[in-house]
2 protein chains.
Amino acid sequence: MDAVYTKPGYLFRRMQQIAVSIFVEECREFDLTPVQYAALVAIQNHPGIDATRLSAVIAFDRSTLGSVIERLESKGHVERKPSAEDKRVKLLYLTRPGAALLRNIMPAVDRAQARMLAPLKATDRKMLMTLLSQLVDLNNEVSRVPLRAEDALEHLGKAG
Amino acid sequence: MDAVYTKPGYLFRRMQQIAVSIFVEECREFDLTPVQYAALVAIQNHPGIDATRLSAVIAFDRSTLGSVIERLESKGHVERKPSAEDKRVKLLYLTRPGAALLRNIMPAVDRAQARMLAPLKATDRKMLMTLLSQLVDLNNEVSRVPLRAEDALEHLGKAG
DNA sequence: TATTTATTGACAGTATACTGTCAATTAGTT
DNA sequence: AACTAATTGACAGTATACTGTCAATAAATA
């Protein structure tokens, strides 16, 4: 009867649910969701990236990313500029307020990340993160949008 | 630069993304999402449960659950019957085809659950599930809809 | 160079998830 | 019994996520 509650599928869903809840709570005053935060960080790390590459860098669906960027743009955190070389793409940049927001939200994000693991002992926290990192990495190709961190470097001419 | 990829928030989101992807892939022929599956199992275990209690049993948002049940009903897997005692509630039951579906989908679900953890060694799988179970349990009150498995027994007059 | 193929962003459609509100109804209190 | 609280299901609104399609454009190839 209790079998469901010990299965990985249930635990992963529930943990994600809790993690989002904590993030939103800690970052309420900044009005930023986990996804929006991840996108902002990636744009900061790769200024001038385009939407398709961004989706690979943060392992996001491209279809979803469009509306995420739209919201970030309407809040004034991000700018979209047409590329000179390729008329199809729009390059993404943080605005000055967007960069400031990212600096200011940092403590709240750190608090959120810490709270997610807070109930565990330090050694258990480390163990869990290690195992999850391995599992996510080894399962990378499974989802529709596998993580491709190296893609982000291409637009800087550092492709491998 | 790679800091994000080692943070719990990222790993939980990514793992959930991968888990859903695997589930949908393995269960494609049955046209059932993880959420719909969880709801069906809970209704099977607690025939005559109402939507509000169901949401507590599977740790789901009540608002979301409405449309989930609607879809299950339109597929013919679930029946909603008005309660005689309380005119507000609608009691949930599996249909015969719904129960059959649940029997038939079982191997696919088991395959999915196994695949999620497949890349890890057996001892690591066990360790990960143990740690995650603890963490989810200890963080239970955080999210909007904490798990209340005991709620499911009330409608059978077994409340504590 | 002309044709095919691939990429990019946009969009339509479905399915979770959440916040918040509402009316109908029930339960608890005075 | 009358009033108040709480519960229930429904709904409106926002934000992920996914599948799949499309036109514009670019790249590869015949």
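A centroid separation of less than 6.0 Å is found between the aromatic rings of B:Y37 and B:F23.
No donor-acceptor contact under 3.5 angstrom links the side chains of B:R115 and A:N139, judged on distance only. Side-chain contact check for B:Q16 and B:R13: no donor-acceptor pair (N or O, by modelled atom type) lies under 3.5 Å.
Taking for each of A:V89 and A:R28 the nucleotide of DNA chain C with the nearest heavy atom, the 5'-most of the two is the partner of A:V89. Nearest-nucleotide assignment on DNA chain C puts the 5′-proximal partner with B:V35, out of B:V35 and B:E85. The 5' end of DNA chain D is approached more closely, in terms of each residue's nearest nucleotide, by B:A51 than by the other of B:A51 and A:D86.
When both distances must be under 3.5 Å, the Watson-Crick or G-U wobble mate of D:dA23 is C:dT8. Checking C:dT26 for Watson-Crick or G-U wobble geometry (two distances, each under 3.5 Å) identifies no partner in any strand.
At the phosphate of D:dT16, OP1 or OP2 sits under 4.0 Å from a side-chain N or O atom of A:T33. Contact annotation: A:T52 reaches the phosphate of C:dG9 (side-chain N/O to OP1 or OP2, under 4.0 Å). Here B:Q17 reaches the OP1 or OP2 of D:dC18: one of its side-chain N or O atoms lies under 4.0 Å away. Residue B:Q36 has a polar side-chain atom (N or O) positioned under 4.0 Å from OP1 or OP2 of C:dT16. Distances shown here put a side-chain N or O of B:R80 below 4.0 Å from the OP1 or OP2 atom of D:dA10. For the pair A:R71 and D:dA15, the criterion of a side-chain N or O lying under 4.0 Å from OP1 or OP2 is met. Within the 4.0 Å cut-off from OP1 or OP2 of C:dT7, not a single side-chain nitrogen or oxygen of A:R62 is found.
Atom CZ of B:R13 is separated from atom P of D:dT16 by 11 Å (rounded to the nearest Å). Between the CG atom of B:L32 and the P atom of C:dT16 there is a distance of 9 Å, rounded to whole Å. Put simply, NZ on B:K90 is 14 Å from P on C:dA24, counting in whole angstrom units. For A:K87 and D:dA27, the NZ to C1' distance is 15 Å, given to the nearest whole Å. One interatomic measurement links the two molecules: CZ of A:F60 to P of D:dA17, which rounds to 6 Å at whole-angstrom precision. Across the protein-nucleic acid pair, B:D61 atom CG and D:dA15 atom C1' stand 13 Å apart, rounded to whole Å. We find that NZ of B:K81 is positioned 16 Å from P of D:dG9, with the value rounded to whole Å. As rounded to whole Å, 6 Å separates atom P of D:dA17 from atom CD of A:Q16.
For A:S63 against C:dC11, a side-chain-to-base donor-acceptor contact under 3.5 Å is present. You won't find any donor-acceptor pair under 3.5 Å spanning the side chain of B:R88 and the base of C:dT26, going by distance alone.
Of the candidates D:dT16, C:dT8, D:dG9, D:dG9 carries the atom nearest the B:D50 side chain, counting heavy atoms from C-beta on.
Residues A:Y10 and B:V35 fall within the same hydrophobic cluster, defined by Ile, Leu, Val, Met, Phe, Trp and Tyr side chains chained together at heavy-atom separations under 4.5 Å.
Minimum heavy-atom separation, B:L11 to B:T6: CD1-O, 3.9 Å.
Among the atoms of the strands shown, none is found under 4.0 Å from any heavy atom of B:E70. Across all strands, B:V68 comes closer than 4.0 Å only to sugar-phosphate atoms, never to a base (heavy-atom distances).
Because its glycosidic torsion is within 90° of 0, D:dA5 is reported here as syn.
For A:M129, the CE atom is densely surrounded, since the number of other residues' heavy atoms within 6.0 Å is greater than 12.
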